[in-house]
There are 2 protein chains.
Amino acid sequence: MSDCYSKYPKHYVAVDCIIFGLNHGELSLLLAQRTIDPERGKWSLMGGFVGEDESVYSAAQRVLTELTGLENIPMEQVGAFGEIDRDPGQRVISVAYCTLVNVDQTDSEALKAHHALWVPLKQLPELGFDHPLMIASAYRWLQKKFMTEPIAFRLLPESFTLSQLQILCQTVIDEEIDKRNFRKRVAEIPSIVPTGIIDKKSSRRGAQLFRFCEKTYQNNPKFKL
Amino acid sequence: MSDCYSKYPKHYVAVDCIIFGLNHGELSLLLAQRTIDPERGKWSLMGGFVGEDESVYSAAQRVLTELTGLENIPMEQVGAFGEIDRDPGQRVISVAYCTLVNVDQTDSEALKAHHALWVPLKQLPELGFDHPLMIASAYRWLQKKFMTEPIAFRLLPESFTLSQLQILCQTVIDEEIDKRNFRKRVAEIPSIVPTGIIDKKSSRRGAQLFRFCEKTYQNNPKFKL
DNA sequence: ACAAAAGTGTTCCCCTTACACCCATGA
DNA sequence: TCATGGGTGTAAGGGGAACACTTTTGT
């Protein structure tokens with residue numbers, strides 16, 4: 001098919017990935033100190049350009065894999081950022097994506113190769129471009145979605161105790177949660193099922209292990225932590 | 001500054017505008033029947049390409065103005081749509097924006113010139129591209145935001161009765177609202193203020209006119225209809 | 001007098017929140 | 001025996017939803 005749009009301008013399109021990581025009970029963000037212009041020396045999110053033969057989402061997935069080695073981790077679109085001057089080098093339109101992964105499952109070699117570091121969320125350095133904006137949007141998204149969609153289970157072992165789940169939630173939303181109320185809510189979620197198995201490693205008394213049942217969730221997506 | 005990104009591909013970037021309109025108590029959508037390829041003959045949203053010298057949001061504003069003659073109407077970004085094949089002509093990455101305007105304040109000449117029509121939301125024709133997806137996202141957005149942010153007042157005269165406001169809300173969310181509960185909620189909103197003036201046109205008894213006070217809203221953005 | 005829209009309070013229920021003690025076990 | 005994390009129920013309060021009648025006035 002002929003290029004029927006040829007009179008219109010084309011643009012660089014990038015993806016920027018806001019990759020939250022859970023790191024021994026601390027929420028971190030994957031950042032890189034730039035070694036090239038523009039914004040050399042400044043910290044930035046993990047970005048990359050969208051290729052000819054990939055969707056924008058695929059480009060984001062590719063960047064995620066290149067950096068963390070993780071595959072098949074769903075991401076959520078934060079939005080498109082289209083100010084003319086948002087990139088001091090050239091005009092670049094960027095689509096931001098966001099996800100939350102487990103730092104332990106991350107490929108530290110790949111990170112090193114990209115000059116990437118996990119930086120605790122509470123100690124973020126000054127960032128280049130419009131990345132602070134993107135991060136703010138993404139963090140709002142994360143705190144909201146985490147408690148209403150089953151993304152916690154990507155960060156937990158297949159079987160987990162309720163205390164593990166609770167501590168994880170507290171870390172992400174950065175608030176204390178009442179244990180009894182929390183367990184009451186868990187009991188209302190059909191897709192979080194007790195296994196009947198007692199884990200003796202985590203405590204002296206032992207704690208029941210639960211698991212998340214994807215199948216049940218499909219049939220009954222009720223989920224409110 | 002040199003083009004430091006020249007090794008990366010460039011893309012066509014479009015905006016698509018989901019323009020909801022209120023038309024004598026009915027919610028409509030601004031659509032055009034395409035007269036050119038691709039998707040000739042199919043109905044579509046109002047789209048356009050992002051130019052060199054405008055932000056993506058400005059491009060959306062420009063399209064809105066070209067079509068409706070309206071200016072300074074805020075729009076909200078629905079998201080970026082980046083599948084490779086979403087446009088059967090060329091690869092085009094599109095950013096969708098959404099707003100709600102008053103059909104009566106719309107420039108019917110401009111609409112005619114663009115082959116654009118207000119189509120009732122409940123009688124949408126088959127649409128080209130991925131526009132059904134965009135519309136679904138936007139409609140969800142609209143229903144959610146309308147009741148928690150002061151966008152109703154763009155569609156009402158400066159002074160309005162509570163019945164006018166209620167009917168408007170009902171139209172947008174497509175549900176009946178209990179009058180007393182509604183008025184109770186309005187009473188809790190500091191930025192909706194009674195004028196003390198009685199409007200005798202709308203009813204025999206007459207109804208008090210209210211207005212929305214932007215200034216109060218800035219100081220006290222509490223708003224839940 | 002009557003039609004048509006304006007205006008006005010109360011009750012109930014559910015959901016959320018706050019809160020404290022006993023249990024089982026390994027060291 | 002004691003320290004550690006696991007496990008459990010109830011009461012009070014707030015917010016949302018349901019609900020019906022009186023008022024005013026133009027015709």
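In the text below, chain A, chain B and the rest are named by the order of the sequence lines, each starting its count at 1. Since this is a predicted model, take the numbers as computed values, not measurements.
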Undergrad: According to side chain to side chain donor-acceptor pair (under 3.5 Å), who are the partners of B/Ser108, at least two apart in sequence or on a separate chain?
TA: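 If we apply the side chain to side chain donor-acceptor pair (under 3.5 Å) test to B/Ser108, skipping adjacent residues, there are no hits.
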
Undergrad: If you take any heavy atom closer than 4.0 Å to DNA chain C, which residues from residues 158-167 of chain B end up in contact?
TA: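 Those residues whose heavy atoms fall under 4.0 Å from DNA chain C, taken from residues 158-167 of chain B in numerical order, are B/Ser163.
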
Undergrad: Residues two or more places apart in sequence or in another chain: which of them pass side chain to side chain donor-acceptor pair (under 3.5 Å) with B/Gln166?
TA: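 B/Gln166: side chain to side chain donor-acceptor pair (under 3.5 Å) contacts with B/Gln170.
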
Undergrad: For a quick check under 3.5 Å, do B/Ser55 and A/Arg86 share a side-chain donor-acceptor pair by atom type?
TA: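 Distance-only check fails for B/Ser55 and A/Arg86.
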
Undergrad: For DNA chain C, which residues in residues 175-185 of chain A have a heavy atom at a distance below 4.0 Å?
TA: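 Hits under 4.0 Å, by residue number: A/Asp178, A/Arg180, A/Asn181, A/Lys184.
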
Undergrad: Residues in side chain to side chain donor-acceptor pair (under 3.5 Å) with A/Lys112, at least two apart?
TA: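 So A/Lys112 forms no side chain to side chain donor-acceptor pair (under 3.5 Å) with any residue.
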
Undergrad: Tell me whether A/Asn72 at atom CG has more than 12 heavy atoms from other residues, nucleotides or ligands lying less than 6.0 Å away.
TA: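 For A/Asn72, atom CG is not crowded (no more than 12 foreign heavy atoms under 6.0 Å).
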
Undergrad: I'd like to check the ring-ring contact (aromatic ring centres under 6.0 Å, His included) partners of A/Phe81; sequence neighbours left out, ordered by chain and number.
TA: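 Residues passing ring-ring contact (aromatic ring centres under 6.0 Å, His included) with A/Phe81: none at all.
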
Undergrad: Around atom CD of B/Glu158, are there more than 12 heavy atoms from other residues, nucleotides or ligands closer than 6.0 Å?
TA: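 Atom CD in B/Glu158 is not crowded, with 12 or fewer foreign heavy atoms closer than 6.0 Å.
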
Undergrad: Looking at A/Gln218, I'd like to know if its CD atom is crowded, meaning that more than 12 non-hydrogen atoms belonging to other residues, nucleotides or ligands lie closer than 6.0 Å.
TA: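 More than 12 within 6.0 Å, yes.
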
Undergrad: Does the pair B/Glu188 and B/Lys224 meet the rule for a salt bridge (Lys or Arg N to Asp or Glu O under 4.0 Å), with working shown?
TA: CA-CA 8 Å; B/Glu188 297 296 311; B/Lys224 189 94 213 296; over 6 Å; no

Undergrad: Taking only nitrogen or oxygen atoms into account, show me every contact under 3.5 Å that the protein makes with nucleotides 25-27 of chain C, one pair per line with its distance.
TA:
{"residue": "C/dT25", "atom": "O3'", "partner": "A/Arg204", "partner atom": "O", "Å": "3.4"}

Undergrad: So, using ring-ring contact (aromatic ring centres under 6.0 Å, His included) as the criterion, who are the partners of A/Phe212 when residues are at least two apart?
TA: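 Expected list: A/Phe153, A/Tyr217.
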
Undergrad: Can you give me the first and the last nucleotide of DNA chain D (5' to 3') that has an atom within less than 4.0 angstrom of a non-hydrogen atom in chain A?
TA: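 In short, chain A contacts DNA chain D from D/dA3 to D/dT10.
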
Undergrad: Who pairs with A/Lys184 by side chain to side chain donor-acceptor pair (under 3.5 Å), at least two apart in sequence or on another chain?
TA: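 Only A/Asn181 meet the side chain to side chain donor-acceptor pair (under 3.5 Å) criterion with A/Lys184.
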
Undergrad: Pair up each side-chain donor or acceptor in residues 190-203 of chain A with any protein partner under 3.5 Å, not counting sequence neighbours, and list the distances.
TA:
{"residue": "A/Thr195", "atom": "OG1", "partner": "A/Ile197", "partner atom": "N", "Å": "3.1"}
{"residue": "A/Thr195", "atom": "OG1", "partner": "A/Leu209", "partner atom": "O", "Å": "2.7"}
{"residue": "A/Asp199", "atom": "OD1", "partner": "A/Lys201", "partner atom": "NZ", "Å": "3.2"}
{"residue": "A/Asp199", "atom": "OD2", "partner": "A/Ser202", "partner atom": "N", "Å": "3.2"}
{"residue": "A/Asp199", "atom": "OD2", "partner": "A/Ser202", "partner atom": "OG", "Å": "2.9"}
{"residue": "A/Ser203", "atom": "OG", "partner": "A/Gly206", "partner atom": "N", "Å": "3.0"}

Undergrad: Look up atom CZ in A/Arg185 and atom CZ in A/Arg180, then write down how far apart they are to the nearest 0.5 Å.
TA: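 Rounded to the nearest 0.5 Å, the CZ-CZ separation comes to 13.0 Å.
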
Undergrad: Between A/Arg183 and A/Asp178, is there a side-chain N and carboxylate O pair less than 4.0 Å apart?
TA: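 Between A/Asp178 and A/Arg183 there is no salt bridge, as every charged N stays at least 4.0 Å from the carboxylate O atoms.
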
Undergrad: Just the table, please: protein N/O against nucleotides 13-15 of chain C N/O, every pair under 3.5 Å.
TA:
none

Undergrad: Assess whether atom CD of B/Glu83 is packed by more than 12 heavy atoms of other residues, nucleotides or ligands within 6.0 Å.
TA: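 No.
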
